[in-house]
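Below is one structure, written out as structure tokens, with a few remarks after it.
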Amino acid sequence: GSEFEFSLGAGWSMLNYQLTGDQLRNNGSYGLKAHLGYAYFFTPNFGLRLGADVSRYGTTLALPDELVWSSVNANGGGVYDHYVMLDRWREQHHALYAEIPLSLCLSFPLSHMRVCAEVGAKYGFFVAGGSKAGGGITHQGYYDKYHLWLYDTPNHGYYTTETFRPQSELTFKPMWSAFVKAGVAFPLTRFLELSCKVYGDFGLTNIMPDGCASNPIGFRNDMEGME
């Protein structure tokens with residue numbers, strides 16, 4: 001027979017960037033999903049489901065606590081090393097997809113509930129994406145020739161700020177992914193049941209736009225008037 005399903009889900013996700021810099025970390029971010037589907041069971045135990053999903057995927061990239069640019073020319077002030085100290089700097093990326101899943105459904109009665117599982121694939125259309133970042137930034141300079149540290153002198157570019165919050169839009173490609181579901185369903189009425197499932201999906205194709213695979217993460221933080 002037929003089955004209609006509506007579900008909401010939340011969990012953890014990760015955009016699997018291949019990070020090449022030293023001490024960069026990809027910590028993932030929360031994921032959200034809304035699903036509407038229709039299944040037809042050819043037997044009491046086996047069927048096919050076609051659906052429509054809206055999914056939010058994300059990731060959180062963490063830079064190291066200290067960045068150093070060595071032998072910087074100070075525009076007439078000599079050569080120095082520029083230090084940037086970061087306090088909990090995080091860059092968050094997210095992508096919103098509209099997806100069409102197709103899966104094989106399994107259903108087996110067990111006592112006063114039924115055990116259900118699915119395995120399938122889906123195609124996702126990119127809808128929207130973006131990035132935002134924030135944290136504390138402190139600029140310092142070290143002049144080896146004079147054994148001199150410069151800090152807390154904003155007019156010379158050595159300052160601390162927590163108000164720098166860059167944001168930008170991101171664009172990703174459509175994607176194919178595979179997924180599995182497993183859980184239990186409890187009947188509430190003759191035609192209504194409540195289900196609880198564990199869900200996981202894995203992207204099969206590269207969603208990065210052409211030419212963007214080697215883009216660096218991070219920031220260029222210039223004070224007003226010091227561009």
Tell me whether [X] at atom [atom1] has more than 12 heavy atoms from other residues, nucleotides or ligands lying less than 6.0 Å away.
X	atom1	value
Gln23	CD	no
Phe126	CZ	yes
Phe108	CZ	yes

Please confirm whether the ring centroid of [X] lies under 6.0 Å from the ring centroid of [Y].
X	Y	value
His93	Tyr17	yes
Tyr123	Phe125	yes
Phe4	Phe6	no

Rounded to the nearest 0.5 Å, how far apart are [atom1] of [X] and [atom2] of [Y]?
X	Y	atom1	atom2	value
Met208	Leu15	CE	CG	9.0 Å
Thr138	Glu66	OG1	CD	11.0 Å
Leu102	Glu118	CG	CD	10.0 Å
Glu5	Cys116	CD	SG	8.0 Å
Asn206	Asn16	CG	CG	10.0 Å
Gln140	Trp149	CD	CH2	5.5 Å

Which heavy atom in [X] sits nearest to a heavy atom in [Y], and how many Å separate them?
X	Y	answer
Phe41	Pro44	CD2-O, 4.4 Å
Ala98	Val127	N-CG2, 3.6 Å
Met175	Ile207	CB-CG2, 3.5 Å
Arg49	Cys105	CB-SG, 3.4 Å

(request) Return yes if a side-chain donor-acceptor contact under 3.5 Å exists between Ser13 and Arg56, otherwise no. (result)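 On atom types as modelled, these side chains do not qualify, holding no pair under 3.5 Å.
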
(request) Would you kindly say whether Thr60 and Asn27 are connected by a side-chain donor-acceptor distance under 3.5 Å? (result)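 The criterion, which ignores hydrogens and geometry beyond distance, is not satisfied for Asn27 and Thr60.
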
(request) Show your reasoning for whether side-chain contact (heavy atoms from CB on, under 4.5 Å) applies to Leu32 and Leu8. (result) CA-CA 8 Å; Leu32 300 173; Leu8 297 173; over 6 Å; no

Are any of the side-chain heavy atoms of [X] and [Y] separated by less than 4.5 Å?
X	Y	answer
Leu86	Leu67	yes
Arg165	Thr163	no
Tyr80	Tyr142	no
Ile137	Thr160	no
Phe46	Leu106	yes
Val72	Val79	no
Trp89	Phe164	yes
His82	His139	yes

Under a single-linkage definition using a 4.5 Å side-chain heavy-atom cutoff for Ile, Leu, Val, Met, Phe, Trp and Tyr, are [X] and [Y] assigned to the same hydrophobic cluster?
X	Y	result
Tyr158	Tyr146	yes
Leu48	Tyr38	yes
Tyr199	Leu104	no
Leu24	Val84	yes
Tyr40	Val119	yes

(message) Checking the side chain of Asn26 only, and the main-chain atoms of Leu61 only, is there a donor and an acceptor separated by less than 3.5 Å?
(response)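 Such a contact is absent between Asn26 side chain and Leu61 backbone.
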
(request) Without swapping roles, check the side chain of Thr205 against the backbone of Trp176 for a donor-acceptor pair under 3.5 Å. (result)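 Flag set: sc Thr205 to bb Trp176 pair under 3.5 Å.
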
(request) Please say which of Asp53, Asp201, Val54 ends up in a side-chain contact (heavy atoms from CB on, under 4.5 Å) with Glu99. (result)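 Testing Glu99 for a side-chain contact (heavy atoms from CB on, under 4.5 Å) against Asp53, Asp201, Val54 leaves exactly one candidate, Asp53.
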
(request) Walk me through it: do Lys173 and Asp210 pass the test side-chain contact (heavy atoms from CB on, under 4.5 Å)? (result) CA-CA 9 Å; Lys173 290 181 177 180; Asp210 296 334; 2.8 Å; yes

